[in-house]
Protein chains: 4
Amino acid sequence: MSGEPRFRRRKADRPAEIVAAALAVFAEKGFAAARLEEIARRAGVSKGALYLYFATKEELFRAVVGQAIAPNVLGLRDMFAQHPGPFRDLLRLVAERLTAAAGAPAFGGVAKMVIGEARNFPELARVWHDELAAQALDALAAAIAAAQARGEVRPGDPRAYALQIAAPLVMGVIWRETFVPVGAPSFDLAALAHQHVETLASGLLQETAR
Amino acid sequence: MSGEPRFRRRKADRPAEIVAAALAVFAEKGFAAARLEEIARRAGVSKGALYLYFATKEELFRAVVGQAIAPNVLGLRDMFAQHPGPFRDLLRLVAERLTAAAGAPAFGGVAKMVIGEARNFPELARVWHDELAAQALDALAAAIAAAQARGEVRPGDPRAYALQIAAPLVMGVIWRETFVPVGAPSFDLAALAHQHVETLASGLLQETAR
Amino acid sequence: MSGEPRFRRRKADRPAEIVAAALAVFAEKGFAAARLEEIARRAGVSKGALYLYFATKEELFRAVVGQAIAPNVLGLRDMFAQHPGPFRDLLRLVAERLTAAAGAPAFGGVAKMVIGEARNFPELARVWHDELAAQALDALAAAIAAAQARGEVRPGDPRAYALQIAAPLVMGVIWRETFVPVGAPSFDLAALAHQHVETLASGLLQETAR
Amino acid sequence: MSGEPRFRRRKADRPAEIVAAALAVFAEKGFAAARLEEIARRAGVSKGALYLYFATKEELFRAVVGQAIAPNVLGLRDMFAQHPGPFRDLLRLVAERLTAAAGAPAFGGVAKMVIGEARNFPELARVWHDELAAQALDALAAAIAAAQARGEVRPGDPRAYALQIAAPLVMGVIWRETFVPVGAPSFDLAALAHQHVETLASGLLQETAR
DNA sequence: TATGAATGAGTGTTCATTCAT
DNA sequence: AATGAATGAACACTCATTCAT
């Protein structure tokens, strides 16, 4: 009777369902070891159906990166760009956002995948860099430079500072994805973020700003 | 004295030559995408000769990880364990050593490989963790705890501190391996290390120790 | 009635077509020397298609043995089990059936294959034994024991008698498969069967010589 | 000191040692599955040394068949040819000799090998046929024909009679080689030979049933 | 739009054979 | 005569991609 709209909605959702399944499989296995058959099975479609929406496996990989990036990048960048200060509050926000982003299971998996496959699929590294890593890093560096101009942050390379800020949390995620499955103890990302902010605050900022 | 044993030396060197070639190819392509034929070609031997020394591709992978790990791990761990203080000097040493280790082309490539293939080859992640990552991190954490006991370092989770210390340099290497080939600007690892030590020193240490 | 389901029939027949081709190739070459590519070519499919139906070469081998066994075993065993006597009539039936079975080109080839590969693939020997050789031999031995109980057959080991009955015909087939292709004269299996039945019934020697 | 003669003797024995090792391995695995490395190891020489004596694997196979055949064939044939009768005594002799030959572990293994590899290596089947099987069978058939001429043996095809005489014992050996390793009960070859001689002499059926 | 059977190029691995020593 | 490291052709098996239906 009214089966038709449901059917159409399913059809419209197919690409997104496939991308979601591919995200999971790519994050688990990496690009080369991911099997299109498994992606199709998880998406509930046939292998052939994948090719109705994506011309090649690499194309599908691109769609995955794009979809995993989109929700994260704009918010982060804008947050950095528009933050008025004081810088210590921005630090806390960064830590919160990174902790939240890291909580998404996709993030670590895709990050691992990008790192692992960068040399074999440079364009994917380019997308991830241009649309996520560089955007976030540069926006954060700009915010740091602004804070330096306001006298809130010590002199130094703002881009390096940005890396210093983000690296422990990113590494915490990579650690979790890489070593926890083989028995290593995890890091409490929220606690790590909190401690890192404190460390940075008391050392990164000018005496007068403390 | 005796005649030049050219062929004997070659035979004895074969495994090392193969491992070196495999290191290069694995670092470039990751495990799955590495072709034994290319490894053999770079080692200057036939594909069949690989099997005189390594029973499977995975065995060869293990040898590569083992060889890339061995030179690094012992020195680092002992350095941490035996350092008497003050802690600020240890920080500088850590930065130097990490910068030097990161300079070795093997390190970044193998790290990338381990991260990328961890889920598909858990044993490799286990080796890398047990023999390198955990050893270095725990030794550094122990040194931090000792420095905390001496009143040189603020209270806080020493293992998290250890990650905070190492992460930016490791991320700098991963950045170089991942994004520089697609046009991203690199980080000057030595300068990054220097700035990071300064940042940590002024924030990580107690007022009295500064 | 419904439209001719040509393609459906082809799909349904594929496994049987492949097994038939494999039977031919295995019978000709034995297991180790059989090439999957040749099997695929004779079946009119690609090498990859074999793996849609059989997980490994050994699995395919098992299917071949199973298919070669199925049509033969049930009839033979039941014939032995249910035959009421006199025993001489059963002898004639056995000879007829063995001659007919030996006429099937599959039998000799598969028998040769099982004999040749038994040590390397014990499970195949087990299948052939449990489902064909032992069944037929034991059923015949039971019929002989019954005939002994009726006083029709001399005392003696019924299982050995069963082997004495079957062996010349089986050897005739093996001879044909093994030596006739290199120029040896064949045996006329029907005539051999007839003479063997007579010999078993009355002995080889003339009355006067006994 | 006097090491020299011993060394020379060893050298002279090499081919025979290699053939003996090859016989064992071929009998166990068949031709295709036999590994030259294992043959060399069992012979206590290097793989390369095999090629000092035998140009190819097939050549080695031929030497094995030749060596395994030689000791058996002449005696059997001459025994048949020269036996004066009565025929019943010859039957007993045949059974004894076949039982003894079957007791040699080599016989069954090589027979199995020849059967299994006949189609792939026709020349080997030819050697086995021309120098062993046909010689023995034809000599026995000739003896039977002579006995028929003397009125000792019933009319009938003497070559078929020869097969009827030999087949149960040969099948007993093949059964042992093929099915006993997977748990089948063996046949007592000596008892089988005895019963078969009696059966041939007097028939399977009781006097009253004939 | 959707299927899934089919393809075939590509890969890891084996092993008879060669050859420098 | 002897070694054993090295070769490379050959094979089982995989999987991204195609296409008849």
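The figures that follow rest on heavy atoms only: side chains count, while hydrogens, waters and symmetry mates do not. So you know, we letter chains A, B, ... as the sequences are listed, proteins then strands, and number each from 1. Everything numeric in this text was worked out from a predicted model, so none of it was measured.
Side-chain atoms of A/L36 and A/Y51, non-hydrogen and from C-beta on, do get closer than 4.5 Å to each other. In this structure, the side chains of D/V110 and D/F26 stay at 4.5 Å or more apart for every pair of heavy atoms.
Within 4.0 Å of A/A40, counting heavy atoms only, lies no atom of the nucleic acid at all. Heavy atoms of C/L36 sit under 4.0 angstrom from primed sugar atoms or phosphate atoms, though from no base atom. Within 4.0 Å (heavy atoms only), A/A34 reaches sugar-phosphate atoms of the nucleic acid but no base atom. In this structure, D/A33 reaches neither bases nor backbone, as no heavy-atom distance under 4.0 Å exists between it and the strands shown. Using a 4.0 Å heavy-atom cutoff across all strands shown, C/K57 reaches sugar-phosphate atoms only and no base atom.
Following rounding to the nearest Å, C/R41 (CZ) and E/dT7 (C1') show an atom-to-atom distance of 16 Å. Between A/F31 atom CZ and F/dC15 atom P the separation is 13 Å, expressed in whole Å. Note: CG (A/L50) to P (E/dG4) measures 12 Å, nearest angstrom. Atom CG in C/L52 sits about 17 Å away from atom P in E/dT3, given to the nearest Å. Computed from coordinates, the B/F54 CZ to F/dA6 C1' distance equals 15 Å when rounded to whole Å.
Taking 4.0 angstrom as the limit, C/R35 places none of its side-chain polar atoms (N or O) nearer than this to OP1 or OP2 of F/dA10.
With sequence neighbours excluded, the residues that form a salt bridge (charged side-chain N to carboxylate O under 4.0 Å, His left out) with A/R119 are B/E177.
A salt bridge does not link A/R42 to A/E37: none of the charged nitrogens lies less than 4.0 Å from a carboxylate oxygen.
In terms of position along DNA chain E, the nucleotide closest to C/A49 lies nearer the 5' end than the nucleotide closest to the other residue of the pair C/A49 and B/E37. Residue order along DNA chain F, read from the 5' end via each residue's closest nucleotide, puts D/G48 first among A/Y51 and D/G48.
No donor-acceptor pair closer than 3.5 Å links the side chain of D/K47 to the backbone N or O of D/I39. A donor-acceptor pair under 3.5 Å is formed between the side chain of C/K112 and the backbone N or O of C/A27.
Side-chain to base pairing of B/K47 with E/dT13: one donor and one acceptor N or O lie within less than 3.5 Å of each other.
The A/Y53 side chain lies nearest to E/dT1 when the options are E/dG10, E/dT1, E/dC15.
The terminal axes of the helix from E/dA2-F/dT21 to E/dT21-F/dA2, fitted over 5 pairs per end, subtend an angle of 20° to the nearest 10°.
Around the CD atom of B/E59, the shell of radius 6.0 Å holds more than 12 heavy atoms that belong to other residues, nucleotides or ligands.
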